Structure formats: structure tokens, C-alpha cells
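Heads up, the thing below is written out as C-alpha cells.
These numbers were taken from a predicted model, which means no experiment stands behind them. Below, chain A is the first sequence line, B the second, and so on; all start at residue 1. All values below were derived from every heavy atom in this structure, side-chain atoms included, with hydrogens, water molecules and symmetry-related copies excluded.
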Amino acid sequence: MKIAVCVKQVPDSWAEKKLRDGDSLLDRDSVEAVLNELDEYAIEEALQITEAQGGGEVVIVTMGPERAGEAVRKALSMGADSGIHLVDASLAGSDAAGTSYALAKLLEGRGFDLIMFGSESTDARMSVVPSMVAERLGLPQLTFANKVEVSGGTVTIDRVGDYGIETISAATPAVLGMIERSNEPRYPSFKGIMAAKKKPVETVSAADAGIDAGAVGTSGSWSQVNSFAARPPKAAGVVVQDEGAGGVAIAEFLDAQKVL
Amino acid sequence: MGEVLVLVDAADGSVKKVTTELLTLAQSLGEPSAVWIGPGYTDAAGATLGEFGAQKVYVADSADYINHPVAPKAEVLSKLVADQSPIAVLIGSSPEGKEVAARLAVRTNSGIITDAIGIAPDLTATQSIFGGATVVQSKVSAGTPIITVRPNSTAPVANAGAATRVDVSVELSAAAKSATITNRAAAVKGGRPELTEAAIVVSGGRGVGAAEGFGVIEDLADSLGAAVGASRAATDAGYYPHAFQVGQTGKTVSPQLYIANGISGAIQHRAGMQTSKLIVAVNKDAEAPMFELADFGVVGDLFTVVPQLTEEIKKRKG
Ligand SMILES: Cc1cc2nc3c(=O)[nH]c(=O)nc-3n(C[C@H](O)[C@H](O)[C@H](O)COP(=O)(O)OP(=O)(O)OC[C@H]3O[C@@H](n4cnc5c(N)ncnc54)[C@H](O)[C@@H]3O)c2cc1C
Ligand SMILES: Nc1ncnc2c1ncn2[C@@H]1O[C@H](COP(=O)(O)O)[C@@H](O)[C@H]1O
């Protein structure tokens with residue numbers, strides 16, 4: 001089974017994120033960048049699927065600037081086999097529509113049985129790219145999966161839906177999205193880190209992937225940020241030490257706020 | 001006035017509060033039309049949609065639309081977008097709602113904005129990003145604006161609409177039927193309000209210590225008519241079911257009041273509750289980051305503070 005895992009490099013969750021004044025894009029240079037932690041569950045699941053089948057191939061796919069290559073290396077050090085890195089100046093500033101278009105172009109025709117995703121990127125927090133790629137490639141969508149079973153050419157998942165758990169089946173090729181409860185991502189071993197340095201990563205330009213430059217980047221985006229502002233600072237709250245009447249103090253506060 | 005399509009979110013045949021909020025928002029943008037997809041449409045549901053301003057209710061009630069995940073809803077909506085040329089499509093910002101919006105955006109070559117907390121009459125959407133630290137105004141510049149809106153962003157306002165039923169039927173593509181739902185296990189419904197809709201959420205974290213400890217959290221919630229939430233540490237430890245997890249990988253809530261008990265305030269937890277209007281924290285560690293967010297905080301043991309609060313609320317509510 002040949003599996004693609006789409007991963008994104010994002011600012012560290014704990015870093016203070018800001019938009020840039022000039023173009024309203026996320027200021028990625030000022031913060032430490034990491035592999036989107038929610039994508040690690042997709043990587044782990046892909047590795048488990050190929051391990052269970054006693055073979056196969058896990059290919060890490062990313063679209064992002066030069067340094068997004070670090071995220072690919074991290075995934076390779078966990079055990080994935082190779083990487084594909086789409087990097088091109090024209091892609092900077094792509095929105096979800098542009099990103100999904102570019103990823104779909106990059107993925108199509110490469111013979112993947114499964115195209116895997118995390119549940120969301122921790123910076124954009126949209127959870128839309130997997131569905132958009134499925135729509136563009138005309139593939140079945142098995143997302144928010146908590147449990148996965150692959151047997152023959154059929155994939156079955158437990159989807160954690162809005163109102164309960166749904167069991168969903170589809171034939172491959174399919175888009176498969178994992179949630180964070182599904183497994184425990186492994187840590188790269190020292191051996192894994194050393195091995196990752198020698199694994200092949202194919203660098204692809206927008207032109208190589210047949211991407212129409214007009215459909216990506218800031219100018220190809222279908223949505224625009226008009227303005228942004230730091231949230232008006234909230235008046236500092238009151239914190240009191242409980243000396244026996246802490247519960248009553250909260251009730252008084254709620255009463256004063258007219259919540260009761 | 002332009003037509004605004006609102007995708008109805010309903011469970012067990014009853015219209016969810018978020019749909020009445022979306023219809024209310026739609027009233028301020030143009031002429032609201034509700035779109036019901038799946039079996040189970042009733043006159044009572046239609047009456048609710050009309051009460052909040054729906055002029056038309058498009059009903060696509062074949063079971064086929066819900067036997068396959070996500071794609072059929074996008075195909076029904078995209079047919080309506082093509083036929084009706086609405087000025088916008090509003091969908092609730094649930095995980096599935098965002099996926100439907102995503103596919104619809106691709107099908108209709110339209111821009112998408114997710115997790116809006118407000119929409120101006122010119123269709124500029126307000127979003128709260130980076131855990132609430134930044135407020136963004138954005139606009140769709142191509143196609144029909146497709147906007148997902150967070151629950152609790154607007155107070156529902158009644159404004160009678162005709163709610164004229166218009167039946168819709170769409171031939172699904174083979175791709176939309178390529179994944180099939182073979183079984184559904186509905187989440188067990190307790191007597192409490194639904195987490196994402198509740199006006200008040202009372203949450204417990206690792207500090208609650210054990211599943212039995214959640215008794216004090218539930219008691220407080222019940223005294224306020226609130227929903228119960230939990231941190232991931234609490235759900236991972238088995239203190240409370242996963243379905244109640246609040247945070248980045250759980251539910252996003254935006255209630256009038258959020259009471260965090262024994263929750264440290266990790267960034268992933270804050271991501272799911274930071275836009276709550278009022279935040280109260282109880283934690284025995286005065287350094288807990290949750291206090292930075294709190295409008296009111298008590299440094300103390302939740303097992304003494306919370307029961308006392310519950311008693312006091314009961315007393316005040318008479
Ligand atoms: C990929 C990923 C996704 C995640 N998604 C989420 C998410 O969606 N939601 C989420 O919540 N977390 C999420 N997390 C986990 C998050 O990072 C924190 O680990 C978690 O929120 C901590 O939960 P907690 O505050 O209950 O526990 P802790 O951080 O252990 O805090 C417990 C608190 O309870 C206090 N306490 C202890 N006993 C008492 C007492 N008797 N009375 C009063 N106070 C007491 C302590 O002082 C402490 O502050 C995620 C993490 C990752 C890596
Ligand atoms: N630039 C990207 N390159 C590769 N995969 C991506 C990219 N952006 C998003 N994804 C994938 O899509 C998922 C959802 O992202 P989002 O819709 O942005 O929340 C992520 O968890 C990734 O698996």
C-alpha cells in the first residue's frame with residue numbers, strides 16, 4: 001500500500017503568533033517552527049498500517065517554504081520512507097482553496113492508495129484542507145477517524161461525528177483524516193534521526209506540478225484579510241485566595257454580573 | 001434583497017439553537033432561506049425555522065443524503081447556489097459543518113471563511129484567531145461567500161418568515177456516494193444542555209482527581225442549568241467521556257460563562273474556550289495560567305470551593 005501523509009510546518013503552539021502589518025499574513029519568521037503536532041497522528045497511523053501489512057510505502061508530502069523541509073525530516077525520522085516538498089515563491093500566502101488545489105495537483109497521478117491528513121493545522125485551525133482535496137480529486141472522504149481498519153482494498157473508520165460515532169467504509173484510493181485520540185505518535189529514535197538524513201526528498205516547483213500560478217498565492221486566494229487588531233485588552237480579573245468563603249465570593253461575582 | 005442560505009443543523013428532528021442564530025444573522029444580511037438535508041423534516045421544524053425568519057425552507061429529505069458523509073450535503077447546497085444565486089451561505093462551525101463548507105467552496109469556486117463570530121451587512125466576517133489574541137476582519141473575494149459561524153455568536157431573534165416549503169432533489173455524483181456510513185452510535189444524551197450551545201459551561205480538569213470527583217462539577221452545572229466540560233487530561237484519565245473535551249482537539253465553546261475547575265489553562269485548552277464572555281477559575285495553584293484569563297478567580301481547593309458555590313447558587317436562586 002502506498003500512503004501519502006500531508007503535513008504542515010506551523011509555528012510552535014506555545015509561541016505568541018502575530019500577523020504582519022504589510023500583508024496580514026502570519027509572521028512565520030519570528031517564531032519557532034515545528035511539525036504540526038496533529039499531523040503526527042496521521043504519520044503514526046500510516047506507519048502502523050504499513051507495519052501491519054508487512055510492507056508498503058509512506059511518503060511525506062508538504063507544501064511550504066524552504067524550511068518546511070525540517071518538518072519532512074522529522075516525519076522521516078519517525079520512520080516514513082521518503083518526502084515530496086512543494087516549494088515555490090508563487091505559493092506564499094495561499095489560502096485553503098489555493099493550498100488544496102496545489103496539494104491535489106501534487107498528489108494526482110502518483111498512485112497513492114491512501115492520502116492522509118491531520119485533523120487541523122494548529123495555526124490556521126480550519127479543518128478544511130482534507131475535504132477540499134477529497135472534493136478536488138473525487139475521492140471518498142474518511143475524516144475525523146478515531147479507529148482505522150484496512151483490509152484488501154477497503155478502509156473502514158470510526159468517525160467522531162458531531163452527534164456520535166459513525167462507522168464509514170470506502171474503497172481505496174481514499175482520503176483519510178486522523179484525530180488525536182487515535183494513537184500515540186512515536187518519538188524518533190537516534191537511529192531514525194540518522195537514517196532520515198539519507199532518505200530521499202523530492203523538491204517540486206509549482207511549474208513541475210502543473211500548478212496554475214494564478215490559482216495560488218496571495219493573488220489566487222478567494223478570501224482576504226481586510227484588517228486585524230489585537231483584541232482589546234481585557235480588564236485584569238480579580239483573583240482571591242480562598243479563606244473559607246471562596247464559593248460565596250464567586251456567587252457574589254456572578255450575581256453582580258447578572259448571570260444568576 | 002439577496003437570498004441567504006442557512007444549512008439547518010438538527011438532531012432527532014429538532015432544530016438546533018445554532019440554526020436559529022444563523023437565521024438571525026441572515027436576517028441582517030438579506031432574506032433568510034433554510035436548507036434541510038436528510039429525512040425527518042416535520043411541520044414543527046418548519047415552524048421553528050419560520051419563527052426565526054426563514055422565508056423559504058428547501059427540503060431535500062432523501063435518506064441517501066445522510067448515508068454518505070459530508071459530500072452529499074455539499075452537492076445539494078451547490079445545486080441551490082447554482083439555481084438561486086444566493087448572496088451568501090451560512091453553516092454552523094461544527095467539525096462536519098466546516099467540511100461541508102469546504103467541499104461546497106471547491107464545487108462553487110467560492111471563498112470560504114471558517115469560525116466567524118460575526119458578519120457585517122457587507123458580508124465582512126469577524127474572526128477571533130490565535131486563541132482570541134487577534135481579531136480579524138475578512139471577506140470572500142470570489143464566488144459566493146461561504147461562511148461558517150461559531151455557535152453562540154448571536155442571540156436568536158424571532159422575526160416571522162413564511163417558511164414556504166420547496167422540495168429539492170439532487171442526483172448525487174458517484175464520488176459523493178463513494179464512502180458509506182454503515183453504522184451510527186448516537187452520543188448518549190444526558191439531561192444537560194449541549195456543550196457547544198450552552199449559555200454556561202462548568203468544566204473540570206485533572207485537578208478533579210477521579211471520575212467520582214466529577215460529581216461536584218455536575219452538581220454545580222445542574223444548579224446553573226449548565227453543560228459539563230472537561231480538559232483533555234481529565235478525559236484521557238477516564239474521569240469523564242471524551243465527547244465532553246473542550247479545546248483545540250475537542251469542542252470549541254463560547255458561552256456567556258465558563259467555570260474552569262482544576263484546569264491549568266494549557267494553550268490547547270484555551271483554544272477551545274477563550275472567547276467565553278466571562279471566565280471564572282478555581283485552582284489551588286495561584287500560578288495556574290488559567291488565572292490570566294479569568295475575570296474572577298479563587299485560589300483554593302475545588303472540593304471545598306465548588307460545593308460551597310453550588311449551595312450558595314441554590315440559595316440565591318431560591
Ligand atoms: C495535540 C494536542 C492536543 C490537545 N488538545 C487538547 C484539548 O482539546 N483540550 C485540552 O483541554 N487539552 C488538550 N491538550 C492537552 C493540554 O496540553 C494539557 O495537557 C491539558 O489541557 C491539561 O489539562 P488540565 O489542565 O486538566 O491538567 P493539568 O495541567 O495537570 O492541570 C491540573 C490543574 O488542577 C489543579 N488542581 C489540582 N488539584 C486541585 C484541587 N483539589 N482543587 C483545585 N485545583 C486543583 C492544579 O493546580 C493544576 O493547575 C492537547 C495536547 C496536545 C499535545
Ligand atoms: N501546506 C500544507 N502542506 C501539506 N499539508 C497541509 C498543508 N496545509 C494543511 N495540510 C494538511 O491539512 C490538514 C488540515 O489543515 P487545515 O485545513 O489548514 O486546518 C493538516 O493537518 C495537514 O494534514
Requested in this report: Determine the option with the most heavy-atom pairs under 4.5 angstrom with chain A, choosing from B:Thr310, B:Asp9, B:Val100.
Outcome: B:Asp9
Report summary line: When the 4.5 angstrom heavy-atom criterion is applied to A:Ala230 and chain B, the contacting part is both
Query - Heavy-atom contact with chain A under 4.5 Å, split by part of B:Val135 - result: both
Report summary line: Cut-off 4.5 Å, heavy atoms of chain B, and the answer for A:Asp95 is neither
Query raised in the report: Does any N or O in the side chain of B:Thr124 come within less than 3.5 Å of the main-chain N or O of B:Ala120, such that one atom is a donor and the other an acceptor?
Result: no
Query - Heavy-atom contact with chain A under 4.5 Å, split by part of B:Val70 - result: side chain
**Report entry** Enclosure of B:Asp12 CG (heavy-atom neighbours >12, cutoff 6.0 Å)
**Finding:** no
Query raised in the report: Who among B:Lys315, B:Gln248, B:Arg184, B:Lys98 has the most heavy-atom pairs with chain A under 4.5 Å?
Result: B:Gln248
Query raised in the report: What part of B:Arg316 gets closer than 4.5 Å to chain A, counting heavy atoms only: side chain, backbone, both or neither?
Result: side chain
Report task. For each of B:Ser178, B:Ala101, B:Ala142, B:Pro307, tally heavy-atom pairs with chain A at distances under 4.5 Å, and name the one with the top tally. Result -> B:Ser178
Query raised in the report: Between A:Pro140, A:Ala249, A:Gly237, A:Gly161, which shows the greatest number of heavy-atom pairs under 4.5 Å with chain B?
Result: A:Pro140
Report task. Show your working on side chain to side chain contact (heavy atoms under 4.5 Å, CB included) between B:Val299 and B:Phe291 and close with a plain yes or no. Result -> CA-CA 9 Å; B:Val299 181; B:Phe291 285 126; 3.9 Å; yes
Query raised in the report: Between the side chains of B:Thr249 and B:Arg232, does any donor sit under 3.5 Å from an acceptor?
Result: no
Report summary line: Ranked by heavy-atom pairs below 4.5 Å to chain B, first place among A:Val128, A:Val240, A:Val259, A:Asn226 goes to A:Val240
Query raised in the report: Ion pair present between A:Lys8 and A:Asp123, side-chain N to carboxylate O less than 4.0 angstrom?
Result: yes
**Report entry** Full working for side chain to side chain contact (heavy atoms under 4.5 Å, CB included) between A:Val5 and A:Val61
**Finding:** CA-CA 6 Å; A:Val5 185; A:Val61 174; over 6 Å; no
Query raised in the report: Does NZ belonging to A:Lys147 count more than 12 external heavy atoms closer than 6.0 Å?
Result: no
Query - B:Pro69 versus chain A, the contacting section by heavy-atom distance below 4.5 Å - result: side chain
Query - Part of B:Asp115 lying under 4.5 Å from any heavy atom of chain A - result: side chain
**Report entry** Under 4.5 Å from any heavy atom of chain A - which part of B:Leu220
**Finding:** neither
Query - Part of B:Glu96 lying under 4.5 Å from any heavy atom of chain A - result: both
**Report entry** Pick from A:Thr143, A:Leu142, A:Leu139 with the largest number of heavy-atom pairs that fall under 4.5 Å of chain B
**Finding:** A:Thr143
Query raised in the report: What part of A:Leu38 gets closer than 4.5 Å to chain B, counting heavy atoms only: side chain, backbone, both or neither?
Result: side chain
Report task. With a 4.5 Å cut-off on heavy-atom pairs, point out which of B:Asp301, B:Thr235, B:Val280 contacts chain A the most. Result -> B:Val280
Query raised in the report: With only heavy atoms counted, which part of A:Ile179 is less than 4.5 Å from chain B, the side chain, the backbone, both or neither?
Result: neither
Report summary line: The interface call for B:Ala186 against chain A, heavy-atom contacts under 4.5 Å, is both
Report task. Would you check if the side chain of B:Ser276 reaches a backbone N or O of B:Ile279 as a donor-acceptor pair within less than 3.5 Å? Result -> no
Query raised in the report: Under a 4.5 Å heavy-atom cutoff, which of B:Val305, B:Leu293, B:Ile267, B:Ile259 has the most pairs with chain A?
Result: B:Ile267
**Report entry** Top of A:Ser131, A:Ala170, A:Pro130 for chain B proximity - count of heavy-atom pairs under 4.5 angstrom
**Finding:** A:Ser131
Query raised in the report: Side chain, backbone, both or neither: which part of B:His242 has a non-hydrogen atom closer than 4.5 Å to chain A?
Result: both
Query - Heavy-atom contact with chain A under 4.5 Å, split by part of B:Leu278 - result: side chain
Query raised in the report: Does any heavy atom of chain A fall under 4.5 Å from the side chain of B:Ala266, the backbone, both, or neither of them?
Result: both
Requested in this report: With a 4.5 Å cut-off on heavy-atom pairs, point out which of A:Met126, A:Glu252, A:Gln141 contacts chain B the most.
Outcome: A:Gln141
Query raised in the report: Counting only N and O atoms by type, is there a donor-acceptor contact under 3.5 Å from the side chain of A:Asp158 to the main-chain atoms of A:Ala145?
Result: no
Query - Most contacts with chain A, counted as non-hydrogen pairs under 4.5 angstrom, among B:Ala175, B:Ser94, B:Gly300 - result: B:Ser94
Query - Part of B:Ser93 within contact of chain A (heavy atom distance under 4.5 Å) - result: neither
Query - Donor-acceptor under 3.5 Å (B:Gln127 side chain, B:Thr114 main chain) - result: yes
Report summary line: Cut-off 4.5 Å, heavy atoms of chain B, and the answer for A:Tyr163 is both
Query raised in the report: Would a distance-only check, ignoring hydrogens and angles, find a side-chain to backbone donor-acceptor pair under 3.5 Å from A:Glu44 to A:Pro185?
Result: no
Report summary line: Under 4.5 Å to a heavy atom of chain B? For A:Ala174 that would be neither
Query - Under 4.5 Å from any heavy atom of chain B - which part of A:Thr122 - result: both
**Report entry** Donor-acceptor under 3.5 Å (B:His68 side chain, B:Ala179 main chain)
**Finding:** yes
Query raised in the report: What's the verdict on side chain to side chain contact (heavy atoms under 4.5 Å, CB included) for A:Glu40 and A:Glu45, showing C-alpha distance, side-chain angles and the deciding distance?
Result: CA-CA 9 Å; A:Glu40 292 184 19; A:Glu45 198 68 30; over 6 Å; no
Query - Under 3.5 Å: donor-acceptor pair, side chain of A:Arg125, backbone of B:Ala271 - result: yes
**Report entry** Test item: B:Tyr258 side-chain N/O and B:Gln274 main-chain N/O as donor-acceptor pair under 3.5 Å
**Finding:** no
Query raised in the report: Between the side chains of A:Glu37 and B:Gln268, does any donor sit under 3.5 Å from an acceptor?
Result: yes
Query raised in the report: Quick one: what part of B:Thr304 sits under 4.5 Å from any heavy atom of chain A, side chain, backbone, both or neither?
Result: side chain
Requested in this report: Apply the test side-chain hydrogen bond (donor to acceptor under 3.5 Å, both in side chains) to residues A:Thr156 and A:Glu149: give CA-CA distance (whole Å), side-chain angles for both, the deciding distance (0.1 Å), then the verdict.
Outcome: CA-CA 5 Å; A:Thr156 304; A:Glu149 257 174 55; 5.6 Å; no
Query raised in the report: What part of B:Thr252 lies closer than 4.5 angstrom to a heavy atom of chain A: side chain, backbone, both or neither?
Result: side chain
Query raised in the report: Under 3.5 Å, is there a donor-acceptor pair between the side chain of A:Ser94 and the main chain of A:Ala92?
Result: no
Query raised in the report: Hey, is the main chain of A:Gly93 close enough, under 3.5 Å, to the side chain of A:Ser221 for a donor-acceptor pair?
Result: yes
**Report entry** Top of A:Thr167, A:Ile157, A:Val160 for chain B proximity - count of heavy-atom pairs under 4.5 angstrom
**Finding:** A:Thr167
